[in-house]
Amino acid sequence: MIIVLIGLPGSGKGTQSQFLASKLKLPILSTGEIFRKIAEIDKKESASLNNYMLQGKLVPSEVVSALVQKFLALKEYESGCLLDGYPRNIKQAEFLRSITNQEIRAIFFEVTEQVVVKRILGRFTCINCKKVYNTFFDKPQINNICDICGFTDFVYRKDDNEEILKERIKVYNEETKPILEYYNSQGILNFVDATKDKKHVELLLSNLLEKI
Ligand code: AMP
């Protein structure tokens with residue numbers, strides 16, 4: 001089964017994809033993560049990817065979809081996966097349907113724009129174990145030391161600033177939101193109240209998984 005995670009930036013898709021992955025024993029395919037890695041290691045690609053990513057725009061669907069198609073053809077994904085950040089528009093959703101025979105389910109992480117602004121603008125990550133923190137409400141217990149692995153280096157995502165976030169929200173509302181109706185009309189859309197804290201959302205997801 002392929003589970004598509006949909007929601008505003010900062011709605012918790014990335015965080016909860018890890019919980020879902022360990023619960024369902026499915027791999028995560030995060031297009032944003034892949035692009036960030038490519039941009040880090042490949043100077044040439046980095047310039048063209050950052051043209052989109054650092055403006056809060058979508059990378060062209062042909063590029064993303066070709067990438068997803070290649071990944072989904074790998075053995076690792078033959079039992080399905082959790083898709084974090086794909087599809088991002090109807091064109092991508094239709095493409096996904098056309099390249100796999102897997103059952104598809106969608107989970108919508110429902111959250112308000114006010115909540116995501118605080119989550120995103122305060123978000124930082126341990127460079128070693130990738131634990132995510134927040135300057136407003138979830139700092140490490142000892143300042144600048146990761147609770148999990150003890151590392152002292154953290155990173156802010158380059159596109160987590162106010163101006164880019166505004167554009168990412170706009171793009172989400174214009175391009176991604178219509179996917180909700182697309183999946184709803186197929187009877188495969190599920191909702192989770194993503195304004196709740198991490199543990200609470202995990203509980204909601206556990207209950208949801210029994211029904212989908
Ligand atoms: P994310 O980590 O999902 O917020 O993605 C970060 C950035 O990568 C987005 O703002 C887009 O520029 C790009 N990106 C990720 N997934 C997609 C996608 N499915 N379609 C187009 N662009 C994408």
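Counting starts at 1 for both ligands and their atoms, following the listed order. Atom set for the values below is all heavy atoms of this structure, side chains included, hydrogens, waters and symmetry mates excluded.
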Taking a 3.5 Å cut-off between nitrogen or oxygen atoms, can you list every pair linking ligand 1 to the protein, with distances?
from: ligand 1; atom 1: 2 (O); to: Arg36; atom 2: NH1; distance (Å): 2.9
from: ligand 1; atom 1: 2 (O); to: Arg36; atom 2: NH2; distance (Å): 3.0
from: ligand 1; atom 1: 2 (O); to: Arg157; atom 2: NH1; distance (Å): 3.3
from: ligand 1; atom 1: 2 (O); to: Arg157; atom 2: NH2; distance (Å): 3.3
from: ligand 1; atom 1: 3 (O); to: Arg88; atom 2: NH1; distance (Å): 3.0
from: ligand 1; atom 1: 3 (O); to: Arg88; atom 2: NH2; distance (Å): 3.2
from: ligand 1; atom 1: 4 (O); to: Arg88; atom 2: NH2; distance (Å): 3.3
from: ligand 1; atom 1: 4 (O); to: Arg157; atom 2: NH2; distance (Å): 3.1
from: ligand 1; atom 1: 5 (O); to: Arg88; atom 2: NH2; distance (Å): 3.3
from: ligand 1; atom 1: 12 (O); to: Lys57; atom 2: O; distance (Å): 2.6
from: ligand 1; atom 1: 16 (N); to: Thr31; atom 2: OG1; distance (Å): 2.8
from: ligand 1; atom 1: 16 (N); to: Gly85; atom 2: O; distance (Å): 3.3
from: ligand 1; atom 1: 16 (N); to: Arg88; atom 2: NH1; distance (Å): 3.3
from: ligand 1; atom 1: 19 (N); to: Gly85; atom 2: O; distance (Å): 2.8
from: ligand 1; atom 1: 19 (N); to: Gln92; atom 2: OE1; distance (Å): 2.9
from: ligand 1; atom 1: 20 (N); to: Gln92; atom 2: NE2; distance (Å): 3.0
from: ligand 1; atom 1: 22 (N); to: Val59; atom 2: N; distance (Å): 3.0

Is the NZ or CZ atom of Lys91 both under 6.0 Å from the centre of the six-membered ring of Phe95 and within 45° of that ring's axis? no
Are Lys13 and Phe109 in a cation-pi setup, meaning NZ or CZ lies under 6.0 angstrom from the ring centre and within 45 degrees of the ring axis? no
With distance as the sole criterion, is a donor-acceptor pair present between the side chains of Asn89 and Thr176 under 3.5 Å? no
Ala106 backbone acceptor or donor facing Asn190 side chain under 3.5 Å: yes
Kindly say whether Gly85 contributes a backbone atom to a donor-acceptor pair with the side chain of Thr31 at under 3.5 angstrom? yes
Measure the spacing between CG of Leu26 and OG of Ser79 and express it to the nearest 0.5 Å. 7.0 Å
